[in-house]
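Quick notes on the structure that follows.
Letters go in sequence order (proteins before strands), and every chain restarts at 1.
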There are 2 protein chains.
Amino acid sequence: MSMASNIGYIYQDIYRDILNKISDSTFEAGERLPGELELSKLYSCSRATIRKALSILEREGYVYKKRGQGTFVKVNKLDYNLNYLESFTEQMLKSKRKPSSELLMIEKTDDVAVDVKQTLKLNGNDKVYRVKRLRYADEKIMAYEITNIRSDLCPDIQKYIDDNSSLYDVYEKVYGLKLKYGDVSLEAVLADEEISEILDIKINSPVLLMNCNVYLENDEPLYHVLCYYIGERYAFTARQYR
Amino acid sequence: MSMASNIGYIYQDIYRDILNKISDSTFEAGERLPGELELSKLYSCSRATIRKALSILEREGYVYKKRGQGTFVKVNKLDYNLNYLESFTEQMLKSKRKPSSELLMIEKTDDVAVDVKQTLKLNGNDKVYRVKRLRYADEKIMAYEITNIRSDLCPDIQKYIDDNSSLYDVYEKVYGLKLKYGDVSLEAVLADEEISEILDIKINSPVLLMNCNVYLENDEPLYHVLCYYIGERYAFTARQYR
DNA sequence: CAGTGGTCTAGACCACCCG
DNA sequence: GGGTGGTCTAGACCACTGA
C-alpha cells in the first residue's frame, strides 16, 4: 500500500486504500473482498483496525457484509446525499454530473439574523463572510445558496474563492479545519419574486429549502447555509436504518 | 444493573441500561457520565464494550463526547426524523405531539405502478394491500399517505388496521417482521387538485413529497409509501456526519 | 467441516483538557 | 500531572454460511 499521509490514523489510510481499489476496479463491483483476517495480514495491523475501516466503507454504502460469507463491493452504490456531510461538488461528482458554481457576491458583514447569530455563537459585532452562489449541474441551475461563514475562523476567505471553488476544499485545505457534522432541515416552500428571478423559474414554483449548520471537530459552529433547490430538478435521498 | 434479556449482547444491554438512566434522570441532562474506565468496572466488561454502547448512544443523539473531558448527556436531544427509520407515530411521540390517523381506504389490488412493482419485486399479478391514511399531529392534518404493502408477507392485514393503528406495530408485532432500513427521497412539489382537497389546503400550495421503500432483514422489500407533507407544517431534519 | 463476520477481553500508547 | 476519550494490538469464542 502506498500511504501518502503519515499524519492520519491507520484505519483512515486503509479505508482510503480500499476505496481507491474499489474506484479503480482492483476490487470489482459484486466481488468479495479478502476476509478480515487476511486483510489484517495484508495491511500488517490488527483485525479490529480492519473492521473499523470496513465499517466506514459499509456506512457509506460502498460495501456490505454477510456473516458467514464475507464483505462484498456494492454493485449499485446509491448516493444518499442526506446521510453524509458532503459538498454539492462532491455529490455531483459522485453522481457523475458536472458541478459548477457562479459566485454572485461575497461580503463581510455583521448584519446577521438573530437565530443565525445564535447558532454561529457570534458576539456583538462579530462578522461573517456572506457568500451567495448559484449551483449548476451539467450547466443547469440547481440551486441558489447563501452561506454565512464565521470570519474569525476563515480570515480573508475572499482571496480563495472564485467561480468554481469548493468551499469545503477551502475550509479543509486552506484553513485546515476539520468538519464534523451538519444539522440539516428540509421543507417545501414557494419561490417568491426574488428567488424565482435568481433561479430563473416561475414565481410560486415549488422549492426545497435547506437550512444547515455545520460544526467542527470541537463542536464549534463554522457556518450556516440556506439553499433553495429547484423542486423539479433536485431530490434529497437517504437510507434510514431501523 | 437489572438485565431482563440474556439473549442479546452485552453492549446492547449496557446501551439500554444507560438509556433508561438518561430517561429517568439518573443521569441528568448536561451531566457528565462516569468515564469509560469507570463504566467498564461498573458493568464488569471491557472498555471496548463500553465504547460500543456509548457510540450507539452518541449516534442516536443522546450523548456527546469531548476528548479530554468526558461523555455528557445532551440537554436538547434533537429528533432527526431522517436519521433513523421511524414511524410517524414514533416521531410524533418523541417530539411530544399527539399522533393520530384517519384510515381512508384499504384495498387489495394488482393495479400497481411499474416502478413500485419492480422495487417490491412483484411478479405478474402479485397483489398489494393499498392503505390510504391521513396523518394528524395534535389534531392538525400533517400528511396524506399511500402505502403499498406486499400482500404475501402480511396476509389479511385489513383485520389489524383501524383508525389509529401503527402499521409498524402490525409489521413487527403481528407478523414478526424485522424492518432493517428504508430508502427515502424527498422533493418539493405543488399540491394538485386531488391532494389539496384531501389535505384541506389551497391548490398549488408547497408540499414535501416523500417516497420510501422499506426492506426487511434479509433485504427483501416489504412496502412502498408515498407521503405528501404539508410544506408549512412539517420539516425533515437530519444530522449528517462527515 | 473450514471460513466468515460479530462480539469481547485486557492490555497499551496517544492527544487533549483542566486545575 | 492526572483524567479523559481516540486509536490500536493480539489474542479468544461465537453464530452463521456453504461446500
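Regarding Y15(B), its OH atom lies at a distance of 15 Å from the P atom of dT7(C), rounded to whole Å. Per the geometry, CG belonging to L54(A) stands 10 Å off C1' belonging to dG5(C), to the nearest Å. Atom C1' of nucleotide dG18(D) and atom CZ of R67(A) are separated by 15 Å, given to the nearest angstrom. A straight line from CG of L37(A) to P of dG5(C) spans 9 Å, rounded to a whole angstrom. The interatomic distance linking I50(B) (CD1) with dT7(C) (P) rounds to 15 Å, in whole Å. Following rounding to the nearest Å, L39(B) (CG) and dG3(D) (P) show an atom-to-atom distance of 16 Å. Separating the OH atom of Y43(B) from the P atom of dC8(C) is a distance of 14 Å, rounded to the nearest angstrom. Protein atom OH of Y64(B) is 19 Å distant from nucleotide atom P of dC16(C), rounded to whole Å.
Between F88(A) and Y168(A), the distance separating the two ring centers is not shorter than 6.0 angstrom. Ring-centre distance between Y129(B) and Y223(B): not below the 6.0 Å cut-off.
When distances run from any side-chain atom of Y9(B) to the nucleotides dT9(D), dT7(C), dT7(D), the shortest one goes to dT7(C).
Partner of R130(B) under the side chain to side chain donor-acceptor pair (under 3.5 Å) criterion, out of N148(B), T109(B), T147(B): N148(B) alone.
One finds no side-chain N or O of T49(A) lying less than 4.0 angstrom from the OP1 or OP2 phosphate oxygen of dT7(D). Remark: R32(A) is in phosphate contact with dT4(C), judged by side-chain N or O atoms under 4.0 Å from OP1 or OP2. Distances shown here put every side-chain N or O of T71(A) at or beyond 4.0 Å from the OP1 or OP2 atom of dT4(C). Taking only side-chain nitrogens and oxygens, K52(A) never comes nearer than 4.0 Å to OP1 or OP2 of dC8(D). Taking side-chain N and O atoms only, K65(A) has a distance below 4.0 Å to OP1 or OP2 of dG6(C). For dT4(D), neither phosphate oxygen OP1 nor OP2 lies less than 4.0 angstrom from any side-chain nitrogen or oxygen of K66(B). For Q69(A), a side-chain nitrogen or oxygen approaches OP1 or OP2 of dG18(D) to under 4.0 Å. In terms of phosphate contacts, R47(A) brings no side-chain nitrogen or oxygen within less than 4.0 Å of OP1 or OP2 of dG11(D). Within the 4.0 Å cut-off from OP1 or OP2 of dG6(C), at least one side-chain nitrogen or oxygen of R51(A) is found. Of the side-chain N and O atoms in Y11(B), none sit less than 4.0 angstrom from OP1 or OP2 of dC8(C).
The 5' end of DNA chain C is approached more closely, in terms of each residue's nearest nucleotide, by E36(A) than by the other of E36(A) and A48(B).
Pairing each heavy atom of N164(A) with each of S101(A), the nearest pair is OD1-N, 2.8 Å.
Y64(B) and F72(B) have parallel rings, their planes meeting at less than 30° on a 0 to 90° scale where 60° marks the start of perpendicular.
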